[in-house]
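What follows is one structure encoded as structure tokens, with my remarks underneath.
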Number of protein chains: 2
Amino acid sequence: MTVPVQSSRRSSELDAAAAAPAAPEGAALDEIGSLARETLGERVTEELRALLISGRLAPGEKLSLRRVAEALGVSMMPVREAVNRLVADKALEVLPGRAVRVPVLTLAQFRELTRVRLVVEGFAAEEATKIATPDQIAVIASHEDAFRQAASADPPDLAGAVAANRNLHFALYEAAGMPLLVETIERLWLKAGPILNLDMRAEARRLDRGSAVLMHAALVVALRERDTAAAREALAEDIQQAADHIEGTGRLAEG
Amino acid sequence: MTVPVQSSRRSSELDAAAAAPAAPEGAALDEIGSLARETLGERVTEELRALLISGRLAPGEKLSLRRVAEALGVSMMPVREAVNRLVADKALEVLPGRAVRVPVLTLAQFRELTRVRLVVEGFAAEEATKIATPDQIAVIASHEDAFRQAASADPPDLAGAVAANRNLHFALYEAAGMPLLVETIERLWLKAGPILNLDMRAEARRLDRGSAVLMHAALVVALRERDTAAAREALAEDIQQAADHIEGTGRLAEG
DNA sequence: CCAACCTAACTGTGATCACAGATCACGACA
DNA sequence: TGTCGTGATCTGTGATCACAGTTAGGTTGG
């Protein structure tokens with residue numbers, strides 16, 4: 001949320017994609033599906049989701065509809081819509097007194113979240129291992145490479161590692177060919193993102209030790225060998241080790 | 001959505017609970033968490049969720065913000081908020097042209113939904129079997145009883161069966177002691193409810209044949225014996241048989 | 001010097017209005 | 001009779017305003 005304040009409406013980066021919907025006339029106009037179908041509220045939602053997943057919004061951080069609206073150069077209305085959606089997903093919470101903030105998970109909640117992730121993401125990993133195409137595996141491997149480089153750079157490219165990690169995981173999940181499953185996982189990441197990635201952003205050490213790098217490498221190998229059990233195991237280790245690390249930092253709220 | 005139209009705002013059943021928030025003064029006021037903390041938008045959301053899960057809103061049915069607002073006796077605003085939340089959950093969809101409707105699942109989507117349900121709800125059943133208290137098991141058994149009676153009545157109490165079925169399942173899932181998991185399952189039901197329960201409402205035959213009754217009974221037995229594998233199996237059969245039946249009706253959209 | 005109060009500036013919620021786009025029915029033209 | 005145009009009426013979206021509640025800061029009284 002570092003976008004500079006702008007007094008007039010409709011001015012910031014949100015306008016970038018606002019150009020020409022355009023009406024094709026020549027041939028094959030059955031193909032064009034929706035095209036212009038994206039409201040301001042949806043764009044704000046995406047913006048906030050990205051902020052949450054990448055951990056640029058810290059747990060406990062408070063949001064103001066008016067301030068976010070100002071920062072994004074839109075009116076309060078679309079922000080309100082976006083925040084409401086995220087509150088419905090419990091990715092944000094409104095506490096009595098009407099302040100909106102990023103939830104601070106208790107230890108119990110974080111452990112439950114981790115368990116659910118192990119089940120759901122583990123299943124996705126198995127399915128992906130069964131049916132991923134070589135192309136998809138190559139893409140996953142490229143993300144793995146990007147993550148490793150970002151993690152081992154000096155100094156480590158923390159933001160890059162966070163992004164590569166996200167790309168790697170979701171490329172895997174999408175390879176399972178189950179959109180609803182991916183959607184479910186995204187909602188889980190929305191809740192885990194603030195703690196997990198805030199930490200990854202802050203602490204270079206975890207990256208250096210390289211447990212995540214090892215797990216990712218094992219995952220790619222398992223994919224290539226179509227070893228579903230090994231893939232699930234590697235992913236589970238990745239999730240569990242990150243969770244253990246977070247618990248160790250003691251940044252979680254009391255139960 | 002059969003509530004009669006009323007011209008003035010704030011009039012229908014939503015006002016029932018609108019009375020006295022009241023300020024307790026005597027003792028122990030730390031316990032009361034929220035209490036008054038419920039906005040109109042949330043109440044409308046709950047209303048629509050119930051309508052969806054119980055199948056009283058059919059797939060393909062179109063909703064109008066203004067009409068729903070009128071029917072519920074509130075302004076368009078809270079309805080808008082509720083619909084937006086449900087659209088974000090993909091429990092409703094806005095199609096190009098800005099009409100809001102209950103999604104019509106394709107066969108592929110329905111199959112994926114069923115697979116995800118088997119994984120997630122199966123996990124919940126296992127966990128519940130491990131740690132459910134005797135009281136919780138008794139409550140589940142009572143719902144099972146209610147379902148059986150509703151299903152075997154003459155004529156069958158279809159609405160009662162739908163409600164008892166829902167109560168039974170969620171009493172089970174809540175016994176797992178994982179709120180986030182329950183929330184995830186609720187979202188899945190939001191999508192499955194319209195087809196599953198519209199059908200259960202319409203067709204008495206499935207109830208009579210009693211496969212659901214058998215599976216529910218097996219589930220209760222497994223719970224009492226702490227047989228996690230059997231509980232998962234019974235639940236999986238219940239889900240799968242219902243899904244097979246739905247596929248047989250051919251009410252799903254083409255792939 | 002500390003505590004309590006009180007005010008001023010915020011918070012989200014809800015209502016109302018304006019608007020662009022889509023739909024549907026009716027009527028005119030071919 | 002079939003087809004295209006056209007306009008009234010619907011749709012959701014976004015902005016603006018009013019409001020009740022909370023919070024924080026500063027001031028006043030002890």
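In what follows, chains are A, B, ... by sequence order, proteins preceding strands, each numbered from 1.
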Side-chain H-bond candidate by donor/acceptor type, B/R66 with B/S64, under 3.5 Å: no

Side chain A/R80 and base D/dG14 donor-acceptor under 3.5 Å: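 There is none.
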
Rounding to an integer number of Å, can you tell me how far [X] [atom1] sits from [N] [atom2]?
X: B/M77; N: D/dT16; atom1: CE; atom2: C1'; value: 11 Å
X: A/M76; N: C/dC10; atom1: CE; atom2: P; value: 14 Å
X: B/L63; N: D/dT13; atom1: CG; atom2: P; value: 13 Å
X: B/L40; N: C/dG12; atom1: CG; atom2: C1'; value: 13 Å
X: B/R66; N: D/dT9; atom1: CZ; atom2: P; value: 14 Å
X: A/R67; N: C/dC10; atom1: CZ; atom2: C1'; value: 9 Å
X: B/E70; N: D/dC10; atom1: CD; atom2: C1'; value: 13 Å
X: A/E38; N: C/dA20; atom1: CD; atom2: P; value: 20 Å

Charged N-O contact under 4.0 Å between A/R80 and B/E81: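 Between B/E81 and A/R80 there is no salt bridge, as every charged N stays at least 4.0 Å from the carboxylate O atoms.
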
Worked check of side chain to side chain contact (heavy atoms under 4.5 Å, CB included) between A/R187 and B/R187: CA-CA 11 Å; A/R187 238 185 300 266; B/R187 237 184 301 264; 3.0 Å; yes

Proximity to the side chain of A/P78 - top-ranked nucleotide from D/dG14, C/dT11, C/dA15: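 Given the options D/dG14, C/dT11, C/dA15, the side chain of A/P78 is closest to D/dG14.
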
Under 4.0 angstrom between A/T39 side-chain N/O and D/dT13 OP1 or OP2: no

DNA chain D: 5'-proximal contact among A/K62 and A/G41 (nearest heavy atom):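 In this pair, the answer is A/G41.
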
CZ on B/R115 to CG on A/L181, rounded to 0.5 Å: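 With rounding to 0.5 Å, CG (A/L181) is 9.0 Å from CZ (B/R115).
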
